[in-house]
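In each ligand, atom 1 is the first atom listed, and ligand 1 is the first ligand listed. Note that this is a predicted model, so its numbers are computed, not measured.
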Amino acid sequence: MGWLSLRSRLHGPTSFEHTPSHGTSSKSAIEHAEHVEDVFAQPPEPQYPHQKISIPDDDLPFIPPAIVRNQRSHLQTQGLAWIVVDNIVYDCTTFINDHPGGDTVIRSFIGEDCSWQFWRFHSKMIMEKWGRPLRVGRTEGIVNRFKEPPRYFGSRSR
Ligand code: HEM
């Protein structure tokens, strides 16, 4: 009720608030003001924000693989949905809920490489339009948990 107490000092008490009749403490007013400031504080700038689409892949900031993999171990607490496609790190933290293929597929690859799986479902055009704005950096040495199965193309000659 910090905001309520502050309001009462600015505009007078509300009918349902108990206000001591003597000695309004300036200390408590400051405490409430600090609390209000906290509520409206901006979230801290992420260490690796989304990069401008004009930046070439090679000029993206390098993110050490340990930090990328770490997103997996902090999955429950921190919740940064980073995935890797062709050594580029994509932050899907907000996009994951809007992903047309559902959140589960992205969630299952957090902190991991999913290059071949990605290219099975998306064209280059989709990557340019939807993936590029999600880039936060480049990395190396993140391996895919699964071996890519061979692609079989039919060859009907008759
Ligand atoms: C950078 C991350 C990703 C982006 C920006 C992205 C974007 C998209 C978009 C725009 C579509 C709709 C495509 C369409 O309508 O033609 C889509 C569909 C889909 N995505 Fe993703 N995606 C990402 C990651 C992934 C990953 C990691 C997987 C799984 C390995 C995945 C699996 C799928 C599937 C299964 C569909 C539905 C395909 C269909 O209905 O034919 N996506 N994605």
Side-chain angles (χ1 to χ4, degrees), residues 1-7 10-11 14 29-158:
M1 285 292 191
W3 64 271
L4 189 59
S5 305
L6 182 72
R7 185 177 177 279
L10 295 173
H11 304 290
T14 50
I30 289 167
E31 277 167 4
H32 287 305
E34 280 170 355
H35 175 69
V36 171
E37 267 171 32
D38 280 350
V39 169
F40 293 106
Q42 293 293 317
E45 182 71 10
Q47 191 183 1
Y48 294 103
H50 288 135
Q51 298 291 311
K52 292 199 181 87
I53 55 171
S54 57
I55 300 177
D57 284 351
D58 289 346
D59 295 343
L60 292 172
F62 181 76
I63 308 180
I67 295 184
V68 178
R69 287 192 203 98
N70 213 17
Q71 300 305 331
R72 188 152 200 90
S73 37
H74 288 277
L75 206 57
Q76 307 303 333
T77 49
Q78 202 182 5
L80 284 181
W82 283 6
I83 60 164
V84 178
V85 176
D86 299 335
N87 286 337
I88 302 299
V89 183
Y90 297 86
D91 182 352
C92 304
T93 307
T94 46
F95 173 74
I96 194 167
N97 296 317
D98 303 323
H99 180 228
D103 63 330
T104 313
V105 275
I106 293 184
R107 206 174 293 286
S108 63
F109 287 108
I110 290 177
E112 293 187 1
D113 175 272
C114 57
S115 303
W116 67 258
Q117 291 91 341
F118 180 89
W119 292 118
R120 291 266 164 134
F121 295 109
H122 312 84
S123 63
K124 258 187 145 180
M125 198 267 284
I126 294 279
M127 179 55 118
E128 275 302 301
K129 185 172 177 199
W130 296 93
R132 200 169 173 88
L134 304 179
R135 297 174 313 157
V136 290
R138 65 195 165 82
T139 190
E140 62 183 16
I142 305 284
V143 290
N144 202 300
R145 204 162 20 121
F146 306 97
K147 190 170 158 22
E148 180 172 10
R151 289 176 187 231
Y152 295 106
F153 295 99
S155 58
R156 260 193 201 172
S157 50
R158 282 178 291 156

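- A salt bridge links Asp57 and Arg135; the closest N-O separation between the charged side-chain nitrogens and carboxylate oxygens is under 4.0 Å.
- By the definition of a contact as any protein heavy atom under 4.0 Å away, atom 15 (O) of ligand 1 is not in contact.
- Met127 is listed as a side-chain neighbour of Val85, based on a closest heavy-atom distance under 4.5 Å.
- In terms of protein heavy atoms, atom 29 (C) of ligand 1 is closest to Val105 CB, 3.6 Å.
- Inter-residue side-chain proximity for Ile142 and Arg69 is flagged as met; some heavy-atom pair is nearer than 4.5 Å.
- Counting protein heavy atoms only, atom 30 (C) of ligand 1 is closest to Gln117 CB, 3.5 Å.
- Using a 4.0 Å cut-off between heavy atoms, Phe121 contacts ligand 1 through its side chain alone, with no backbone atom that close.
- The distance criterion of under 3.5 Å between nitrogen or oxygen atoms is met by His122 with respect to ligand 1.
- By the criterion of a heavy-atom distance under 4.0 Å, the side chain of Ile83, and not its backbone, is placed next to ligand 1.
- Closest of all the heavy-atom pairs between Pro64 and Thr139 is C-OG1, 4.0 Å.
- The protein atom (non-hydrogen) at minimum distance from atom 11 (C) of ligand 1 is Pro100 CG, 3.5 Å.
- Between Phe95 and His99, the ring planes are tilted. Angles from 30° to 60° get that label.
- Shortest contact from atom 4 (C) of ligand 1 to any protein heavy atom: Phe95 CE2, 3.4 Å.
- Those atoms of ligand 1 with a heavy atom of Phe109 less than 4.0 angstrom away are 30 (C).
- Residues Arg72 and Phe109 share a closest heavy-atom pair of NH1-C, 3.9 Å.
- Nearest to atom 10 (C) of ligand 1 by heavy atom, out of Trp130, Trp116, Trp119, is Trp130.
- Under the 4.0 Å distance rule, the nearest protein heavy atom to atom 40 (O) of ligand 1 falls outside the cut-off.
- Heavy atoms of other residues, nucleotides or ligands lying less than 6.0 angstrom from CD1 of Ile53 number 12 at most.
- No side-chain heavy atom of Asn87 sits under 4.5 Å from any side-chain heavy atom of Arg138.
- In this structure, atom 20 (N) of ligand 1 is in close contact with the protein, since a protein heavy atom lies within 4.0 Å of it.
- Close approach of ligand 1 to Gly131 is summarised as follows: ligand atoms under 4.0 Å from at least one heavy atom of the residue are 5 (C).
- Looking at Gln51 and Asp59, their side chains never bring a donor and an acceptor atom within 3.5 Å of each other.
- Interface of Ile126 with ligand 1, defined as ligand atoms under 4.0 Å from a residue heavy atom, comprises 9 (C), 10 (C), 13 (C).
- Shown in contact with Cys114 at under 4.0 Å from a heavy atom are these atoms of ligand 1, numbered in order with element: 27 (C).
- With ring centers used as reference points, Phe146 lies 6.0 Å or more from Trp116.
- Ranking protein heavy atoms by distance to atom 3 (C) of ligand 1, first place goes to Phe118 CE1, 3.5 Å.
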Practice problem: Step by step, work out the side-chain contact (heavy atoms from CB on, under 4.5 Å) result for Leu134 and His50. | Solution: CA-CA 6 Å; Leu134 304 179; His50 288 135; 4.2 Å; yes
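- Residue contacts with ligand 1, taken as heavy atom pairs separated by less than 4.0 Å, involve His99 solely via side-chain atoms from C-beta onward.
- For atom 36 (C) of ligand 1, the closest heavy atom belonging to the protein is Gly101 CA, 3.5 Å.
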